[in-house]
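Just below is one structure, and these are the notes that go with it.
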Amino acid sequence: MSMRRKSRRSNAGRPTLLSDEVEARIIAASRTGIAVELAAEAAGISSATYRRWMARGRAEVTAREDGQAPTRGEDAYVELFEKVRTARAMAAARAMANIRRVADGGITTKITTRKFRDPETGQIVEEITEDRTAPDWRADAWYLERQHRNHYGKDAALAIEITGLDSDEPAREERVDLAALAERLNRSLFAVQYPDPPALEDGSVVDAEVIDG
């Protein structure tokens, strides 16, 4: 560990492009959740430089967590690393919240206000109607496929023991049609009833995928 400490200290005095303005640009870009290469480009530096700075910050944070004395020349990289990590985590949390809103439904898409005279009282009545989105299981499926890909990814297989616990035969695996499974979950868990596609003048039906955009 002492050899690593010596190596890290030798880099502390090198000139750096890490100015306050560059750091501010990196943090601002990271808050949006864009790729690190684009965050570096927005700050006017190369992705290699960005990754090197982050690696130095991560190494110093790890060393301090291991109980080593801080190397003050690395403070700027530690600060950058921690700020970027927080910014990207907040961006991910914000994106996840939006996915949850789509999955749960209830997002207002249209507000209609209608005024009319009450025939009994003669007073003007204002009626407000809101159109809201239905729950969309596909947002949950998207999340599971990417966050838990070993279990719900496109190439995941569900192991099913066909013969029972008391059998001497080895367990067999069946590959599951995840699309069909998702459709069954949609019907059983959410029971969302989407309207039938409108019929054209000739009696044919508009393809649902065209309607969905």
Side-chain angles (χ1 to χ4, degrees), residues 20-44 82-156 158 175-213:
D20 291 340
E21 181 180 358
V22 170
E23 180 187 87
R25 290 181 179 179
I26 293 175
I27 301 306
S30 298
R31 289 196 182 104
T32 68
I34 63 176
V36 294
E37 291 81 4
L38 296 178
E41 184 175 341
E82 292 179 340
K83 287 181 177 180
V84 168
R85 182 171 57 180
T86 299
R88 295 188 66 82
M90 294 302 295
R94 184 171 58 252
M96 190 66 247
N98 288 334
I99 293 173
R100 293 287 349 128
R101 290 180 63 213
V102 173
D104 295 339
I107 301 175
T108 301
T109 59
K110 181 181 179 182
I111 300 178
T112 304
T113 302
R114 184 174 71 94
K115 293 184 178 181
F116 61 94
R117 187 178 299 276
D118 190 307
E120 296 184 359
T121 65
Q123 296 180 347
I124 300 298
V125 179
E126 184 177 275
E127 181 183 73
I128 300 177
T129 304
E130 294 186 358
D131 293 343
R132 296 177 178 272
T133 59
D136 192 340
W137 62 268
R138 290 170 296 186
D140 279 327
W142 184 93
Y143 166 76
L144 291 173
E145 181 182 316
R146 287 158 177 78
Q147 189 68 19
H148 304 283
R149 64 186 60 189
N150 289 338
H151 295 92
Y152 301 103
K154 293 181 179 180
D155 297 328
L158 179 63
R175 184 162 294 277
V176 175
D177 186 339
L178 295 180
L181 177 60
E183 289 288 354
R184 292 198 301 272
L185 287 174
N186 177 43
R187 291 194 298 268
S188 61
L189 297 181
F190 295 104
V192 177
Q193 183 64 41
Y194 292 99
D196 294 331
L200 301 177
E201 294 181 358
D202 59 0
S204 61
V205 177
V206 178
D207 184 67
E209 293 184 358
V210 176
I211 298 175
D212 291 340

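These numbers come from the heavy atoms of this one structure, side chains and all, not from hydrogens, waters or symmetry mates.
- Atom CD of E130 sits about 12.5 Å away from atom NZ of K110, to the nearest 0.5 Å.
- By the 6.0 Å contact criterion, CG on D118 is enclosed, its count of non-hydrogen atoms from other residues, nucleotides or ligands being greater than 12.
- Residues A43 and I26 come closest through the heavy atom pair CB-CG1, 3.4 Å.
- Here the straight-line distance linking atom CZ of R132 with atom CD1 of I111 works out to 8.0 Å at 0.5 Å rounding.
- Counting non-hydrogen atoms of neighbouring residues, nucleotides and ligands closer than 6.0 angstrom, the CE atom of M90 reaches no more than 12 such neighbours.
- Put simply, CD1 on I99 and CZ on R138 are 13.5 Å apart, with the number rounded to the nearest 0.5 Å.
- For the pair R94 (side chain) and R31 (backbone), a donor-acceptor distance under 3.5 Å is present.
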Evaluate the side chain to side chain contact (heavy atoms under 4.5 Å, CB included) criterion for residues D140 and R100: first the C-alpha distance (whole Å), next the side-chain angles of each, then the deciding distance (0.1 Å), finally the verdict. CA-CA 7 Å; D140 279 327; R100 293 287 349 128; 2.3 Å; yes
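- The closest donor-acceptor contact from the side chain of S30 to the backbone of R88 lies at 3.5 Å or more, if one exists at all.
- A donor-acceptor pair is defined here as one N or O able to donate and one able to accept, closer than 3.5 Å; such a pair exists between the side chain of T133 and the backbone of I107.
- Within a 6.0 Å radius of CD in E145, other residues, nucleotides and ligands contribute more than 12 heavy atoms.
- For T32 (side chain) and A29 (main-chain N/O), a donor-acceptor pair under 3.5 Å exists by modelled atom type.
- The neighbour count for Q123 CD, taken as heavy atoms of other residues, nucleotides or ligands under 6.0 Å away, does not exceed 12.
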Go through it in stages, so that I can follow the logic: the residues are T108 and D131, the test is side chain to side chain contact (heavy atoms under 4.5 Å, CB included), and I'd like the CA-CA distance, side-chain angles, deciding distance and then a yes or no. CA-CA 6 Å; T108 301; D131 293 343; over 6 Å; no
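- Heavy-atom minimum distance, D104 versus P135: O-CG, 3.5 Å.
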